[in-house]
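Please read the structure below before turning to the comments.
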Amino acid sequence: MKKNNIQIVWFKRDLRITDHKPLFEASLNSIPTLPIYVVEPDYWQQPFSSKRHWCFINDSLKELRKDLKNIGQTLVVRIGSVKDIFENLSLLYNIKSILSHEETGNNWTFDRDKAIQNWCLKNHILFNEFPLNGVVRRLKNRTEWSKIRNARIKEELISSPTHLTPILKIEEGKIPNKDDPIFKNNYSGIVQKGGRSEAIKILDSFLANRGKNYTYNISKPGISEQTCTRLSPHLTWGTISSKEILKLIKIKKESLLENEKKTWNKNLSSVISRLSWRCHFIQKLESRPSIEFKCMHPFYDGLRENNFDIKYYNAWKKGLTGYPFIDACMRSLNYNGWITFRMRAMLVSFASYDLWLDWRKTGYHLAQTFTDYEPGIHYSQLQMQSGVTGINTLRIYNPIKQSIDHDPNGKFIKKWVPELNHVPEIWIHEPWKMDLNTQKTINCFIGKHYPEPIVNHLEAIKKAKSKMALIQKKEGYMQGSKIVLSKLGSKRVKQNRKNTSKQLQLI
């Protein structure tokens, strides 16, 4: 029996119908369109995956399904290997083409996409992948990246399709529940709500009022939860595109009254800058996928791997290091799935230098915890904050200074480390310095109710700097750094080792 022709639009990290090139292209012809999302059980068993991610995706898929139904064809959801799913569909239909966005993800997804590409080639199916935001596949020269990226971002938004030719009599499939055993139960806390309407809602509130103090509060835990855009998970899972955000920012800037410009322009320009740097860091993983596993500068591979202390690791990830600000930030992150960039960097710095833990292992805990886990940003930042890129100055955060600077009264600490609720403000940043009488008075004994510092910060970083210096003195080190810089460094601005490690703030 003759099989009916269809085309497939494969959704991955692009859970929307607006500014969606594959879907729009599919809508331009009369071939029945099958929009599909595949839940891949093997992916959800990887050490970087998390039920927290799925909860956000679950919200987004439900809304995506409604949006697709409104234009004629519901979202089809299947569970299993993508290749197996497509092979089964090919038994029922004549698949003319598969359309999707390029995905810059983990090596796992990279290998999967290559397998699908080979399967399509073997079966004479057109596999048409479209660029996603400002990341350039098969980039020949890094100096070309900024020009290409900026040209793409300035393009007109792609309209939502008004109609898809439906496929008759196809089961839509159930979207797995948030508590489905497919997804590892590895978080305890809350999840930021997913879905496109939520993305638009929070962007509108940011542009209406919340963004007035964006730059001023960006490094302050607690406060930044309200004044940052909070769009990072929506960008990660694609309920909104960078291009859409930039267009709405442009409209906001053009509508500002003269007396509003001083307040808003700096903050809006800061968001624009961070969107650019977001693409820059994802481009690093696109250009060198190995940075998920290997240090950018090969001389650093083997530096920390054999010195992994499981007690240090467990104390760090549970927020029991004895450093109140470190512990408050980790506990807040574990519960909320988000914390401001500087605090993320500080947590990695403390793990990598003070505790001498390998970034690959600490990175898995953070990947599972971040609702906005974006592989391109994640691995670049892990390496940068661990000092293994060869092109960035070592950034070792002093947990006491950060505590005093960003939580001077200890309000944030006491919220997340209630053991220290009655500690006088003078001791809140270094409670181990309290005398015994003070500890008795407030009934908080260091070493009993709250741990003593797991390491001495000054001694630990002295050892760490010494070990790093030995690597940097090796013959061939500078040549290796030049190679990394030419391949992965920013050419948009003059390279400055000290500044490049500061540029990206997750929005």
Side-chain angles (χ1 to χ4, degrees), residues 12-20 52-53 55-61 63-64 67 101 104 132-135 149 152-153 157-158 190-253 264 266-282 333 336-344 369-378 381 503-507:
K12 294 182 280 185
R13 285 174 172 255
D14 49 358
L15 306 180
R16 62 182 186 274
I17 68 170
T18 301
D19 201 34
H20 196 291
R52 178 171 261 147
H53 304 160
C55 289
F56 189 93
I57 294 170
N58 179 280
D59 291 339
S60 304
L61 289 176
E63 191 164 341
L64 176 61
D67 290 342
H101 275 120
T104 304
L132 185 62
N133 295 321
V135 180
R149 185 262 177 194
R152 285 183 183 174
I153 291 296
L157 288 179
I158 300 167
I190 62 173
V191 181
Q192 189 174 335
K193 187 178 179 181
R196 178 168 176 80
S197 62
E198 185 67 16
I200 299 300
K201 176 183 174 182
I202 63 174
L203 177 56
D204 285 347
S205 70
F206 177 82
L207 294 176
N209 186 55
R210 290 191 301 108
K212 286 181 179 179
N213 295 310
Y214 171 73
T215 305
Y216 181 73
N217 290 331
I218 197 168
S219 293
K220 298 178 181 179
I223 300 174
S224 59
E225 292 175 19
Q226 300 301 318
T227 58
C228 280
T229 72
R230 301 308 307 275
L231 286 169
S232 54
H234 291 279
L235 285 164
T236 290
W237 303 109
T239 62
I240 195 169
S241 71
S242 295
K243 198 162 60 171
E244 291 180 89
I245 297 171
L246 289 168
K247 298 294 183 186
L248 289 173
I249 288 176
K250 181 180 179 182
I251 292 171
K252 171 70 176 181
K253 293 186 81 169
W264 277 101
K266 179 180 179 181
N267 293 295
L268 294 176
S269 295
S270 184
V271 176
I272 293 170
S273 174
R274 282 160 176 78
L275 284 169
S276 177
W277 282 100
R278 181 179 188 275
C279 292
H280 163 74
F281 279 95
I282 298 174
L333 172 60
N336 290 308
W338 185 90
I339 199 166
T340 191
F341 170 75
R342 180 180 287 273
M343 303 305 106
R344 298 183 189 210
T369 304
F370 295 153
T371 309
D372 58 10
Y373 166 58
E374 178 65 66
I377 296 174
H378 190 67
Q381 287 295 312
Q503 295 292 343
L504 182 68
Q505 295 273 5
L506 295 184
I507 66 168

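When a residue number appears, it is its place in the shown sequence, counting from 1. Because the structure is predicted, anything quoted here is derived from the model rather than measured.
- A salt bridge does not link Glu225 to Arg230: none of the charged nitrogens lies less than 4.0 Å from a carboxylate oxygen.
- A cation-pi arrangement is not found for Lys253 relative to Trp264, the charged atom failing to lie both closer than 6.0 Å to the ring centre and inside a 45° cone about the ring normal.
- When only modelled atom types and interatomic distance are considered, Asn267 and Thr215 share a side-chain donor-acceptor pair under 3.5 Å.
- Among all heavy-atom pairs drawn from Cys279 and Gly134, the shortest one is SG-N, 3.7 Å.
- Here the CG-CG distance, from Asn209 to Asp204, works out to 12.5 Å after rounding to the nearest 0.5 Å.
- Thr239 OG1 to Leu61 CG: the interatomic distance, rounded to the nearest 0.5 Å, is 11.0 Å.
- In this structure, a donor-acceptor pair under 3.5 Å is absent between the side chains of Glu374 and Ser232.
- Between the His378 side chain and the Phe370 main chain, no donor and acceptor come within less than 3.5 Å of each other.
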Yes or no on side chain to side chain contact (heavy atoms under 4.5 Å, CB included) for Leu275 and Leu235, after CA distance, side-chain angles and deciding distance? CA-CA 10 Å; Leu275 284 169; Leu235 285 164; 3.9 Å; yes

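- Note that the CG atom of Leu207 and the CD1 atom of Ile245 stand 9.5 Å from one another [nearest 0.5 Å].
- Distance check, rounded to the nearest 0.5 Å: OG of Ser224 to CG of Asn213 gives 12.0 Å.
- Counting heavy atoms from C-beta outward, Leu268 and Lys252 have side chains that approach closer than 4.5 Å.
- Counting only heavy atoms from C-beta outward, the side chains of Pro375 and Thr104 never approach each other to under 4.5 Å.
- Look at Glu244 and Arg196 and you find a salt bridge, because one of the NZ, NE, NH1 or NH2 atoms lies within 4.0 Å of a carboxylate O, short of that distance.
- In this pair, Trp277 and His280 present their aromatic rings perpendicular. The plane angle is above 60°, beyond the 30 to 60° band.
- Considering only heavy atoms from C-beta on, Arg16 stays 4.5 Å or farther from Ile240 through its side chain.
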Residue pair Leu333, Trp338: steps toward the side chain to side chain contact (heavy atoms under 4.5 Å, CB included) verdict: CA-CA 5 Å; Leu333 172 60; Trp338 185 90; 5.5 Å; no

Before giving the answer on side chain to side chain contact (heavy atoms under 4.5 Å, CB included), spell out for Arg13 and Thr236 the whole-Å C-alpha distance, their side-chain angles and the decisive distance to 0.1 Å. CA-CA 7 Å; Arg13 285 174 172 255; Thr236 290; 3.1 Å; yes

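- To the nearest 0.5 Å, atom OG of residue Ser242 and atom NZ of residue Lys247 are 12.0 Å apart.
- Ile218 approaches Cys228 most closely through the heavy-atom pair CG1-SG, 4.0 Å.
- The main-chain N or O of Ile158 is found under 3.5 Å from a side-chain atom of Asp19 such that the two form a donor-acceptor pair.
- Taking the centre and axis of the six-membered ring of Tyr373, the NZ or CZ atom of Arg52 falls outside the cone set by 45° and 6.0 Å.
- Within the 4.5 Å cutoff, the side chain of Thr229 has no heavy atoms near those of the Leu203 side chain.
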Walk me through whether Ser205 and Arg210 qualify under side-chain hydrogen bond (donor to acceptor under 3.5 Å, both in side chains). CA-CA 6 Å; Ser205 70; Arg210 290 191 301 108; 2.8 Å; yes

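- Taking the side chain as every heavy atom from C-beta outward, Leu157 and Lys243 approach each other to under 4.5 Å.
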Can you list the steps and then say if His234 with Phe56 is a ring-ring contact (aromatic ring centres under 6.0 Å, His included)? CA-CA 9 Å; His234 291 279; Phe56 189 93; 4.9 Å; yes

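- Proximity of Val271 to Phe206: side-chain heavy atoms (C-beta onward) are separated by under 4.5 Å at one or more points.
- Summarising the geometry, atom CG belonging to Leu64 is positioned 8.5 Å from atom CG belonging to Asp14; distances are rounded to the nearest 0.5 Å.
- Among all heavy-atom pairs drawn from Ser197 and Glu63, the shortest one is N-OE2, 2.7 Å.
- Residues Leu231 and Ala199 share a closest heavy-atom pair of CD2-O, 3.6 Å.
- Shown here is Lys193, whose NZ atom has no more than 12 heavy atoms of other residues, nucleotides or ligands within 6.0 Å.
- In terms of modelled atom types and a separation under 3.5 Å, the side chain of Arg278 and the main chain of Arg274 share no donor-acceptor contact.
- A 4.5 Å side-chain heavy-atom check between Val191 and Asn336 finds every atom pair outside the cut-off.
- Side chains of His101 and His20 form a contact here, defined as non-hydrogen atoms less than 4.5 Å apart.
- The two residues Thr340 and Pro221 come nearest to each other via the heavy atoms CG2-N, 4.5 Å.
- Side-chain atoms of Asp59 come within 3.5 Å of backbone atoms of Gly194 as a donor-acceptor pair (strictly under, hydrogens ignored).
- The minimum heavy-atom distance linking Trp237 with Thr371 is given by the pair NE1-O, 3.0 Å.
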